Every structure is written in C-alpha cells, then in structure tokens.
Amino acid sequence: MLAADRDALACDLWETYQVRDMEALPVRDLAMLSCGLRENSRIRMKMGGHDCDFDTILVAGCYDMINRVRRILTGETGEMPSMVRILMGEGPKKESNILSFSTASEWEAERKRLLARVGVM
C-alpha cells in the first residue's frame, strides 16, 4: 500500500484511526490498521483501480435502469449513454485540450507560437 500511494494511505489512517505519524507505528501494527481500512478508502480504491466507490456505481446502475424504462415508455430510440460505463471509464472519451511540456524551452516555443497566432508578437 505504501508503494501504491503513500499520501492516500496516510490520509486514510488519519481519517479512520487518527494516526498522525504512520512511521512511528511498528510495521506489524501499520499492516494491521491498513488491512482494516474500509472498502471505499482512498488507498483501497486506488489499489483496486477504481475511481468511485460501489455505492456510486450502484446508484448509477439504478439511474440507467430507470432511464431505460423511461425510454421504452416514451418510445425514444437511439443509443443511450450508460452512467455506469462512463464511471468505469468505458464511456465516450472526451478530447483533452491540456498541453504538457518536458522543458521550459518547449513551453516558451509554444507560448511564442500562440502569441504570434493572435498577433501579439
């Protein structure tokens, strides 16, 4: 758990057991407390590869079923997006407009290009 996300484990231990300094605990006690964390704790969800807890998925499933019934009763056709699939990361992917740079010179070159495009430089 420490290797997965040290900060998430520290937050969970503080929230659940009020352990401020997990490094002060013996390893055996730290392991015991870590295993006792709830299923929707930050570290357990991260280690399981989940972005949201089971309750959220369950509510999204109820929404999907109610939406299906509504569509059947109103005669609506077409593809219906599933909230469960979206939450699980299987839904439609949005294009990201976030740029990242490895060096300051790459950032500076992009900045100059954008400023030239709007006519500032």
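Throughout, numbering of the chain's residues begins at 1 and tracks the sequence. Bear in mind that the values here come from a model prediction, so they are computed numbers and not experimental data.
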Side chain to side chain donor-acceptor pair (under 3.5 Å) pairs, two or more places apart, involving residues 66-78: N67-R70, R70-E76, R71-E76
If you take all heavy atoms of [X] and [Y], which pair is closest and at what distance?
{"X": "W14", "Y": "R20", "value": "CZ3-CG, 2.8 Å"}
{"X": "M47", "Y": "A4", "value": "CG-CB, 3.9 Å"}
{"X": "I86", "Y": "P81", "value": "CD1-CB, 4.3 Å"}

Calculate, to the nearest 0.5 Å, the distance between atoms [atom1] and [atom2] belonging to [X] and [Y] respectively.
{"X": "I57", "Y": "M88", "atom1": "CD1", "atom2": "CE", "answer": "5.0 Å"}
{"X": "E15", "Y": "S41", "atom1": "CD", "atom2": "OG", "answer": "8.5 Å"}
{"X": "D12", "Y": "R42", "atom1": "CG", "atom2": "CZ", "answer": "5.0 Å"}
{"X": "D53", "Y": "M45", "atom1": "CG", "atom2": "CE", "answer": "5.5 Å"}
{"X": "M1", "Y": "L33", "atom1": "CE", "atom2": "CG", "answer": "11.0 Å"}

I want to check something: taking the side chain as every heavy atom from C-beta on, are [X] and [Y] in contact at a cut-off of under 4.5 Å?
{"X": "Y17", "Y": "L37", "answer": "yes"}
{"X": "L9", "Y": "S34", "answer": "yes"}
{"X": "L99", "Y": "E110", "answer": "yes"}

[X] atom [atom1]: more than 12 heavy-atom contacts under 6.0 Å:
{"X": "M32", "atom1": "CE", "value": "yes"}
{"X": "F54", "atom1": "CZ", "value": "no"}
{"X": "R113", "atom1": "CZ", "value": "yes"}

With S102 via side-chain hydrogen bond (donor to acceptor under 3.5 Å, both in side chains) - residues at least two apart: none
Heavy-atom donor-acceptor pair, D64 side chain to M83 backbone, under 3.5 Å: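 Between the backbone of M83 and the side chain of D64 there is a qualifying donor-acceptor contact (under 3.5 Å).
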Salt bridge (Lys or Arg N to Asp or Glu O under 4.0 Å): pairs with one or both residues in residues 21-33, sequence neighbours excluded: R6-E23
